Amino acid sequence: MASEEVLDDLQNGYYIWQRNDGFKFGIDAVLLSDFAKTCTGRVMDLCTGTGIIPLLLAAKSAAREICAVELQSEIAQMAQRSVEYNSLNDRIHIMCADLKDAPELFGRGSFNCVTVNPPYMKAGAGLVNDGGMKTISRHEVCCTLDDVIRVSSELLKPFGKLFMVHRPSRLTDIFCCMRKYRLEPKLIRLVAPRAGKEPNLVLVHGVKNAKSDLKLLPQLIVYNEDGSYSKEIDEIYGR
């Protein structure tokens with residue numbers, strides 16, 4: 001264990017190792033795990049990072065097996081320590097690998113659900129973080145949106161489900177890629193920091209080989225005017 005790591009209580013019976021220098025999960029992971037809580041059977045989490053989504057899904061969902069892929073070895077090792085600390089080795093399996101190799105490693109068409117919190121920024125766009133870990137996690141330097149959606153489709157069984165969190169500005173790209181790889185968008189939910197503010201996150205649910213029928217869920221507001229979490233966010237956190 002690195003000296004800059006800290007063990008945080010997830011308030012759901014589980015704990016997670018995280019780096020104390022800022023490499024920690026955000027609310028996007030929490031929202032995605034709640035959005036995907038109906039997952040059952042075999043689940044794959046791509047770009048798993050510290051393993052936060054598998055840990056949250058282990059508490060929220062009836063998923064029988066949760067596999068997860070992380071490219072960066074140091075982060076993958078930290079995720080594995082969290083799995084071991086919570087005695088979840090029989091249910092969560094972390095692999096340090098390139099997500100583009102996941103279909104060969106885990107089997108094509110072998111998953112009921114795929115979850116993914118991918119890099120949001122195109123390579124060369126936006127401010128690049130100083131740390132290599134954060135750059136890889138937030139910018140499309142090692143995988144693109146096309147890679148993520150193609151691999152998701154390859155991993156899923158017919159009518160398997162994809163759950164993704166991303167930026168609203170990438171919705172056109174997301175929908176084009178999804179249809180390119182036979183993943184039909186079924187539900188989207190925009191997330192805004194406060195009422196009246198522009199949404200800065202979007203939750204997307206797609207189904208492989210499904211018919212077209214897109215529904216827009218009510219917008220989710222994160223904070224009240226006084227800075228406290230909204231009632232729905234408190235419910236998601238289980239408060």
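Worth saying up front: this structure is predicted, and the values here are computed from it rather than measured.
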Legend entry - Side-chain donor/acceptor of Ser230 to backbone N/O of Ile221, under 3.5 Å: yes
Legend entry - Sub-4.5 Å side-chain heavy-atom contact between Leu156 and Leu183: yes
Legend entry - Tyr237: ring-ring contact (aromatic ring centres under 6.0 Å, His included) partners, not counting sequence neighbours: Tyr229
Legend entry - Sequence-distant partners of Ser228, side chain to side chain contact (heavy atoms under 4.5 Å, CB included), two or more places apart: Asn224, Asp226
Legend entry - Point-to-point distance, once rounded to the nearest 0.5 Å, from CG of Asn200 to CZ of Arg167: 5.5 Å
Inset, instruction - Indicate yes or no for a side-chain donor-acceptor contact from Ser61 to the backbone of Ala58 under 3.5 Å, with no hydrogens or angles considered. - result: no
Inset, instruction - Measure from the side-chain N and O atoms of Gln18 to the backbone N and O of Leu7, and report whether any donor-acceptor pair falls under 3.5 Å. - result: no
Legend entry - salt bridge (Lys or Arg N to Asp or Glu O under 4.0 Å) partners of Arg179, counting only residues at least two apart: Glu184
Inset, instruction - Taking the side chain as every heavy atom from C-beta outward, state whether Leu162 and Val207 have any atom pair closer than 4.5 Å. - result: no
Legend entry - Partner set under side-chain hydrogen bond (donor to acceptor under 3.5 Å, both in side chains) for Tyr181, not counting sequence neighbours: Asp146
Inset, instruction - Give, for atom CD1 of Ile27 and atom CG of Leu220, the distance between the pair rounded to the nearest 0.5 Å. - result: 7.5 Å
Legend entry - Leu217 CG to Ile188 CD1 distance, which is reported to the nearest 0.5 Å: 8.5 Å
Inset, instruction - Could you tell me whether the side chains of Asp28 and Tyr120 share a donor-acceptor contact shorter than 3.5 Å? - result: yes
Legend entry - Distance in Å, Met78 CE paired with Ile94 CD1, rounded so as to fall on 0.5 Å steps: 11.0 Å
Inset, instruction - Kindly state each residue pair satisfying side-chain hydrogen bond (donor to acceptor under 3.5 Å, both in side chains) with at least one member in residues 105-116, sequence neighbours excluded. - result: Arg42-Ser110, Asp45-Thr115, Glu104-Arg108, Arg108-Glu154
Legend entry - Separation between CD1 of Ile16 and CD of Glu5, rounded to the nearest 0.5 Å: 10.5 Å
Legend entry - Any donor-acceptor pair under 3.5 Å from Ser152 side chain to Val148 backbone: yes
Legend entry - Listed once per pair and sorted, the salt bridge (Lys or Arg N to Asp or Glu O under 4.0 Å) pairs that draw on residues 188-217, sequence neighbours left out: Arg189-Glu232
Inset, instruction - Taking ring-ring contact (aromatic ring centres under 6.0 Å, His included) as the test, write out the residues that go with Phe163, two or more places apart. - result: Phe35, His205
Legend entry - Donor-acceptor pair, side chain of Gln72 and main chain of Glu74, under 3.5 angstrom: no
Legend entry - All salt bridge (Lys or Arg N to Asp or Glu O under 4.0 Å) counterparts of Asp98, not counting sequence neighbours: Lys100
Inset, instruction - Scan residues 30-39 for pairs that pass salt bridge (Lys or Arg N to Asp or Glu O under 4.0 Å), counting only residues two or more places apart or in two chains. - result: Asp34-Lys37, Asp34-Lys60
Legend entry - Any residue meeting side-chain hydrogen bond (donor to acceptor under 3.5 Å, both in side chains) with Asn12, in chain and number order, not counting sequence neighbours: none
Inset, instruction - Report yes if some heavy atom in the side chain of Lys161 is under 4.5 Å from a heavy atom in the side chain of Cys39; otherwise report no. - result: no
Legend entry - Phe111 with Phe159, same ILVMFWY side-chain cluster at under 4.5 Å: no
Inset, instruction - Provide the full list of side-chain hydrogen bond (donor to acceptor under 3.5 Å, both in side chains) pairs with a residue in residues 82-94, sequence neighbours left out, each pair given once. - result: Glu65-His93, Gln80-Glu84
Inset, instruction - Report yes if the side chains of Asn117 and Cys47 come closer than 4.5 Å at any heavy-atom pair, otherwise no. - result: no
Inset, instruction - Could you please spell out the steps behind the side-chain hydrogen bond (donor to acceptor under 3.5 Å, both in side chains) verdict for Glu4 and Asn20? - result: CA-CA 5 Å; Glu4 64 270 19; Asn20 206 25; over 6 Å; no
Inset, instruction - Please identify each residue that fulfils side chain to side chain contact (heavy atoms under 4.5 Å, CB included) with Gln77, with sequence neighbours left out. - result: Ser73, Arg81
